[in-house]
Amino acid sequence: MKFQKPRGTHDILPQEAVVWRWVEQTAREVCDRFRYREIRTPIFESTGLFERGVGETTDIVEKEMYTFADKSERSLTLRPEGTAGVVRAYVENKLYAEPDVQKLFYIGPMFRNERPMAGRNRQFHQFGVEALNSSDPAIDAEVIALGFSIYEALGLRNVRVEINSVGTPECRSAYRQALRDFFAPKLALMCPDCQSRFDRNAMRLLDCKVDTQACEGAPSILEFLDEAANEHFQNVQAHLKALDIPFVVNPSLVRGLDYYTHTAFEYMAEGIGAITTIGGGGRFNGLVEAVGGPEQSGVGLGLGLERAILIAQAQQLELPKETALDVFVAGLGEAAELVTFEWVHKLRKAGIRAERDYQSRKFKTLFKAAERQNARWMAILGDDELAQQVVTLKYLSTGEQQTVPWTEWISTIQSK
RNA sequence: GCGGUCGUGGCGAAGUGGCUAACGCAUCGGUCUGUGGCUCCGACAUUCGCGGGUUCAAUUCCCGUCGAUCGCCCCA
């Protein structure tokens, strides 16, 4: 019986795992400087959390969740995004009672049952942050700057930041009405997708690629922001400008999760086929309360890790490689086997990366093996060496070779 | 969820309704009983994603299925 990995999942092999560690470590380091602390929450949660938190009418909840019943018939769901779980933990552990703004980050797998394509998997990985209990526009800008800083630290070029304000729920419902009024007369001429969007999610009409000309002259959400929302948005922009974060305002930027209010933003880059969004986020002022906590606000972001890696590859950045081997110990003959084994262990205990052969290959082939592992030294233990308690050490890049007593073995390797 | 393309050894890649399924790289062995990145020789797919059908005969044709990939939708 031969098995395949489930559709839309990926094995991360040792060579690629190095790249993943680099991305994760970079994100962690940036978080440390920005003072965001790691939180680890379960990979599955009560289904209701996502229905409530992400929004009943979102695509994610309507058709993309991995939902299952456990043996007690509890409905559980593999997390499709990170914010709901973090906010649930925030409320459940009463972190809202802490005096300072809670700045949290997470990193890990998410699950959505979608049609896979480049940059879109059913199990994918996100890094994200959430800043809870502050409505200060400065923290919106800080979050946007944090994500941008991670892309910078990774060396990604041409990352664009687009921002928008989706206002308060009240602003939005007034705006949706205005949009329907605007599109109603031309609806019959528009594409089927748009016709279904009209009722379900009028703001998405602006996103349509088919009927771009129909959108000309459509009202902008920005005209419907109340004074406070507008001031907040202007303030976020002022803070971004102060940091020289390049951004453009895109009034038709909408995000797919219901909990967003005020600031919405996306990071975009070219290089993954049709996909350009590599990260995004926004403010979610009603979410803490919706999940059973006090009336507190929050703002956060999520970055797609495989998308960041795809962009790095598309831009041909120099990616980290696996560590090189310090010394390959070649034992010749049966008498050397045990001594080889012992010495490999001694070298390792001394902090040296040491390896040997376990396939009884011939001496010459061991050089190839050593080369494949990028070994710096080859150590040779044959009958002669054993008799005299010495080892022949060959520096592979130059071919220089010397024979030293066992007492000098480790120090010679460490010398270069 | 809808539409297009694709699926041959570890990797890359020919090919055909029918004798032993090219070739390249990689790997292992010999050439060279203890010194690599060269040469030459040899080994390496009871089998062409899986299941079914057509046929005297299918890896090659048809259907289904699984998977990959591209686009739409949506998103990270």
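The chains referred to below are lettered A, B, ... by the order of the sequence lines, with proteins before strands, and numbering in each begins at 1. Since this is a predicted model, take the numbers as computed values, not measurements.
Of the two residues near RNA chain B, A:His10 and A:Gln126, the one whose nearest nucleotide lies more 5' is A:His10. Residues A:Glu266 and A:Lys368 both approach RNA chain B. Their nearest nucleotides, taken by heavy-atom distance, put A:Lys368 toward the 5′ side.
On the P atoms, B:G17 is 15 Å away from B:A58, given to the nearest whole Å. Across B:A21 and B:U16, the matching P atoms stand 16 Å from one another, rounded to whole Å. Spacing between B:U20 and B:G1 at atom C1', rounded to whole Å, works out to 48 Å. Between the P atoms of B:C40 and B:G52, the separation comes to 46 Å (whole Å). Look at the C1' atom in both B:A22 and B:U59: the space between them is 14 Å, to the nearest Å. Look at the P atom in both B:U54 and B:C74: the space between them is 45 Å, to the nearest Å. B:C63 and B:U5 are spaced 12 Å apart, taking the P atom of each and rounding to whole Å. Using atom C1' as the reference point in both B:A68 and B:U8, the two lie 15 Å apart (nearest Å).
Among the atoms of the strands shown, none is found under 4.0 Å from any heavy atom of A:Gly128. Counting non-hydrogen atoms under 4.0 angstrom, A:Glu385 reaches a base of the nucleic acid. Using a 4.0 Å heavy-atom cutoff across all strands shown, A:Gly119 reaches at least one base atom of the nucleic acid. Heavy atoms of A:Glu81 sit nowhere under 4.0 angstrom from any nucleic acid atom. Using a 4.0 Å heavy-atom cutoff across all strands shown, A:Gly382 reaches at least one base atom of the nucleic acid. Within 4.0 Å of A:Leu396, counting heavy atoms only, lies at least one base atom of the nucleic acid. Residue A:Gly331 is out of contact with every strand shown, counting any heavy-atom pair closer than 4.0 Å. At the heavy-atom level, A:Ala118 lies under 4.0 Å from the strands shown only through sugar-phosphate atoms.
The partner of B:A22 cannot be assigned: no Watson-Crick or G-U wobble pair with both contacts below 3.5 Å exists in any strand. Of the nucleotides present, B:C63 is the one that pairs with B:G51 by Watson-Crick or G-U wobble criteria, both distances under 3.5 Å. Shown here, B:U69 forms a base pair with B:G4; the pair counts as Watson-Crick or G-U wobble because both key distances fall under 3.5 Å. Figure legend. B:U33 is base-paired to no nucleotide; pairs are counted as Watson-Crick or G-U wobble with both atom distances under 3.5 Å. Base-pair partner of B:G42: B:C28 (Watson-Crick or G-U wobble, both distances under 3.5 Å). In a base pair of the Watson-Crick type (N1 to N3 plus N6-O4 or O6-N4) or a G-U wobble (N1-O2 and O6-N3), with each distance short of 3.5 Å, B:U16 is matched with no nucleotide.
Taking only side-chain atoms of A:Arg361, from C-beta outward, the nucleotide of B:G36, B:C28, B:A76 with the closest atom is B:C28. The side chain of A:Ile380 approaches B:G34 more closely than any other nucleotide in the set B:U69, B:G34, B:G36. Here the side chain of A:Glu371 is nearest to one of B:C70, B:G37, B:G34, namely B:G37. Closest to the A:Phe124 side chain, of the nucleotides B:G34, B:A76, B:G36, is B:A76.
A:Gln123 places its CD atom 17 Å from the P atom of B:A76, with the value rounded to the nearest Å. When the C1' atom of B:G34 is taken as reference, atom CG of A:Leu393 falls 15 Å away, rounded to whole Å. One atom, CG of A:Leu332, and another, C1' of B:U33, lie 11 Å apart when rounded to the nearest Å. The distance from atom CG of A:Leu253 to atom C1' of B:A76 is 14 Å, rounded to the nearest whole Å. Between A:Lys362 atom NZ and B:U35 atom C1' there is a gap of 12 Å when expressed in whole angstrom units. Look at CG on A:Asp384: it is 13 Å from C1' on B:U33, rounded to the nearest Å. In this structure, A:Gln4 places its CD atom 15 Å from C1' of B:U69, rounding to the nearest Å. To the nearest angstrom, P of B:C66 lies 11 Å from CZ of A:Arg122.
Other residues, nucleotides and ligands place more than 12 heavy atoms under 6.0 Å from the CZ atom of A:Arg348. By the neighbour-count criterion of 12 heavy atoms within 6.0 Å, atom NZ of A:Lys368 is sparsely surrounded, having that number or fewer from other residues, nucleotides or ligands. Counting non-hydrogen atoms of other residues, nucleotides and ligands closer than 6.0 Å to CZ of A:Arg356 gives a total above 12. Heavy-atom neighbours of A:Phe68 CZ from other residues, nucleotides or ligands within 6.0 Å: above the threshold of 12. For OH of A:Tyr66, the number of neighbouring non-hydrogen atoms (other residues, nucleotides, ligands) closer than 6.0 Å is greater than 12.
Side-chain polar atoms of A:Gln388 and A:Asp384 form no donor-acceptor pair below 3.5 angstrom. No side-chain donor from either of A:Gln102 and A:Tyr36 sits under 3.5 Å from a side-chain acceptor of the other.
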Q: Do nucleotides 1-6 of chain B as a string where each nucleotide becomes B, S or -: B if the base has a protein heavy atom under 4.0 Å, S if just the sugar-phosphate does, - if no protein is that close.
A: BBB---

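Contact of A:Arg112 with B:A76 (side chain to base): a donor-acceptor pair of N or O atoms is detected under 3.5 Å. The base of B:C32 sits within donor-acceptor range of the side chain of A:Lys364, with an N or O pair under 3.5 Å.
Aromatic ring orientation, A:Tyr267 versus A:Tyr151: perpendicular (interplanar angle above 60°, classes split at 30° and 60°).
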Q.
Could you go through A:Gln123 and A:Thr9, starting from their C-alpha distance and side-chain angles, then the distance that decides it, and tell me whether this counts as side chain to side chain donor-acceptor pair (under 3.5 Å)?
A. CA-CA 5 Å; A:Gln123 175 175 335; A:Thr9 64; over 6 Å; no

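The side-chain contact (heavy atoms from CB on, under 4.5 Å) test applied to A:Asp357 returns A:Phe328, A:Gln359, A:Arg361, A:Leu366, not counting sequence neighbours.
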Could you give the side-chain donor-acceptor pairs of residues 281-293 of chain A under 3.5 Å, partners two or more places apart or in another chain?
from     : atom 1 : to       : atom 2 : distance (Å)
A:Arg283 : NE     : A:Asp140 : OD1    : 3.1
A:Arg283 : NE     : A:Asp140 : OD2    : 3.0
A:Arg283 : NH1    : A:Ser134 : O      : 3.0
A:Arg283 : NH1    : A:Asn285 : OD1    : 3.0
A:Arg283 : NH2    : A:Ser134 : O      : 3.1
A:Arg283 : NH2    : A:Asp140 : OD1    : 2.6

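Phosphate contact (OP1/OP2 of B:G29, side-chain N/O of A:Thr365, threshold under 4.0 Å): present.
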